[in-house]
Amino acid sequence: MAVAVVKDVLSGKFSVGDTVVVRGWVRTRRDSKAGISFINIHDGSCFDAVQVIAPNDLPNYANEIQKLTTGCSVAITGTVAESAGQGQDFELQGTHIEVLGWVEDPDTYPMSPKRHSMEYLREYAHLRPRTNITGAVTRVRHCLAQAVHRFFHERGFYWISTPIITTSDAEGAGELFRVSTLDLMNLPKKENGEVDFKEDFFGKEAFLTVSGQLNVETYACALSNVYTFGPTFRAENSNTSRHLAEFWMIEPEVAFANLDDVAGLAEDMLKFVFKAVLEERADDMAFFAQRIDKEAVSRLQNVIDNDFVHMDYTDAVEILQNCGEKFEYPVSWGTDLQSEHERYLAEKHVGAPIILKNYPRDIKAFYMRQNDDGKTVAAMDVLAPGIGEIIGGSAREERLDVLDDRIDALNLPKEEYSWYRDLRKYGTVPHAGFGLGFERLVAYVTGVQNIRDVIPFPRSPKSAEF
RNA sequence: UCCCCAGUAGCUCAGUUGGUUAGAGCGGUGGACUGUUAAUCCAUGUGUCGUUGGUUCGAAUCCAACCUGGGGAGCCA
């Protein structure tokens with residue numbers, strides 16, 4: 001007798017008449033006076049639940065089956081049958097139904113088979129995986145992660161596990177979480193009263209990484225095509241629907257590449273993973289299109305079918321100044337674009353993802369490659385309608401003298417960058433890369449509005465439950 | 001961190017010119033009916049009205065502070 005997952009039963013992998021065992025959780029139970037009960041069982045293998053027919057001649061029909069409620073766990077032995085009802089091709093004729101776990105006091109089970117708000121579900125992060133929406137998000141998230149790895153693997157990229165603990169406070173990408181084993185109530189002090197980090201675990205100050213980029217550049221300058229895919233931590237006090245304190249980031253880094261090369265890579269990658277989701281998770285995407293966001297499927301198809309619009313920052317400023325739209329903040333060359341400006345460009349001006357390139361030097365990071373005009377750097381942002389910045393990238397400054405000029409101009413501690421500068425001293429090559437916020441990608445694909453609902457256990461300011 | 005909004009039954013929400021016993025739908029439970037499928041129909045229970053303090057004869061309702069959540073902004077991915 002075969003153990004089966006719901007997906008295989010529903011997709012016709014088994015023949016009518018086959019006896020299988022399905023294990024899962026009860027979504028709903030309906031009793032019919034025709035002498036049967038209908039029990040919908042989900043096990044996470046696909047969006048749909050399988051309908052189990054439980055006849056009233058089962059020995060535990062009255063004392064157990066009719067008492068099943070949402071959330072009970074069961075093991076069902078049954079024969080695969082063509083469904084006599086509408087809504088599914090196959091169902092299971094139950095021959096033996098074992099209750100593995102009851103729901104104590106169904107009145108208090110938080111996941112009723114009813115619409116819940118996302119905020120409510122978030123309070124039950126340990127039970128929300130059992131809901132349609134969190135199940136669908138989870139499968140799509142997995143599909144995207146696999147597709148990202150597959151995309152890079154097929155292109156000859158190596159996955160580099162950059163460190164999660166870092167001792168350089170010099171990346172400038174945001175506030176850092178401290179990693180320490182020192183006793184906070186009894187800190188070792190130096191003679192001048194400062195904390196003596198020589199006594200700490202690593203013998204110096206340590207933090208959680210805000211980006212693997214600087215580290216992964218070292219591997220790009222040896223293995224040519226590499227990427228990171230791992231957790232990233234920002235201690236920013238950001239309270240928005242698109243920020244997390246702990247999130248996952250994908251950072252490809254390409255040797256011998258310029259900005260346009262990685263802009264093309266970003267476009268190819270997004271199209272590749274969108275295609276994978278539409279093909280592999282059609283069931284979940286249909287649910288998102290039906291319940292969460294009507295455009296969920298058409299938006300992805302639209303991105304796949306069209307070339308990304310590329311635009312220079314300078315041209316974008318001109319468009320924004322002349323578009324006749326009233327903005328709360330004025331647009332002027334040399335300042336960073338506001339959310340409203342980015343939204344206008346992505347949502348109204350092109351209605352699709354847009355790649356903005358060549359930003360003013362002074363609003364971007366020290367490592368970005370100086371353009372010949374002396375005032376811009378080879379940086380790009382990919383802006384997605386509804387989400388905003390989904391990718392940020394740049395060509396990296398490979399000329400040591402130019403890099404040093406920036407480090408000096410910004411008063412950065414040059415000694416901290418000795419290994420980074422070594423890459424420019426010894427066989428330097430042009431190279432470029434970008435960072436993709438994985439949760440922002442999942443939010444964009446599913447249409448789920450809040451980033452806290454596309455990661456299993458969200459961490460944000462004042463919130464790290466579970 | 002700043003601006004705005006919200007917090008009432010297990011869930012979603014209605015209810016406030018301050019006034020007796022605070023309501024509906026869904027879920028749960030009991031029953032009816034039915035190859036049903038977020039089934040339907042009938043019956044039924046449920047509340048520190050976010051917390052603390054204040055104003056008042058009287059506060060879910062007005063005021064203050066705080067807590068939590070949401071939307072927007074900044075920071076960014």
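Every chain is numbered from 1 and lettered A, B, ... according to where its sequence line falls, protein lines coming before strand lines.
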Exercise for the section: Assert yes or no for the condition that the ring centre distance of Tyr344(A) to Phe327(A) is strictly below 6.0 Å. Expected result: yes

Practice task
Indicate yes or no: at least one non-hydrogen side-chain atom of Asp8(A) is less than 4.5 angstrom from one of Phe14(A).
Solution key: yes

Completion exercise
His243(A) has its side chain closest, among rG71(B), rU36(B), rA77(B), to rA77(B)

Output side-chain donor-acceptor pairs under 3.5 Å for residues 245-253 of chain A, partner residues at least two apart or in another chain, one line each.
| unit_1 | atom_1 | unit_2 | atom_2 | d |
| --- | --- | --- | --- | --- |
| Glu251(A) | OE1 | Gly212(A) | N | 2.9 |
| Glu251(A) | OE1 | Thr228(A) | OG1 | 3.3 |
| Glu251(A) | OE2 | Ser211(A) | OG | 2.8 |
| Glu253(A) | OE1 | Arg396(A) | NE | 3.3 |
| Glu253(A) | OE1 | Arg396(A) | NH2 | 2.8 |
| Glu253(A) | OE2 | Arg396(A) | NE | 2.9 |

Handout entry: Comparing Lys462(A) and Glu439(A) on RNA chain B - which has the more 5′ nearest nucleotide
Key = Lys462(A)

Practice task
Using the six-membered ring wherever Trp is involved, compare the ring planes of Tyr420(A) and Phe366(A) and label them parallel, tilted or perpendicular (cut-offs 30° and 60°).
Solution key: perpendicular

Problem - Check: rG69(B) base within 3.5 Å donor-acceptor of Glu465(A) side chain - result: no

Practice task
Using a 4.0 Å heavy-atom cut-off across all strands, classify Gln51(A) as base, sugar-phosphate, or nothing.
Solution key: base

Completion exercise
Winner on side-chain proximity to Asn239(A), out of rG74(B), rU1(B), rU12(B), is rU1(B)

Completion exercise
Walking RNA chain B from its 5' end, the first of Phe247(A) and Gln449(A) to be reached, judged by nearest nucleotide, is Gln449(A)

Handout entry: Touch class at under 4.0 angstrom, heavy-atom based, for Ile391(A) against every strand present
Key = sugar-phosphate

Handout entry: Face-to-face contact Phe38(A) to rG35(B) six-ring, under 5.5 Å, under 30°
Key = no

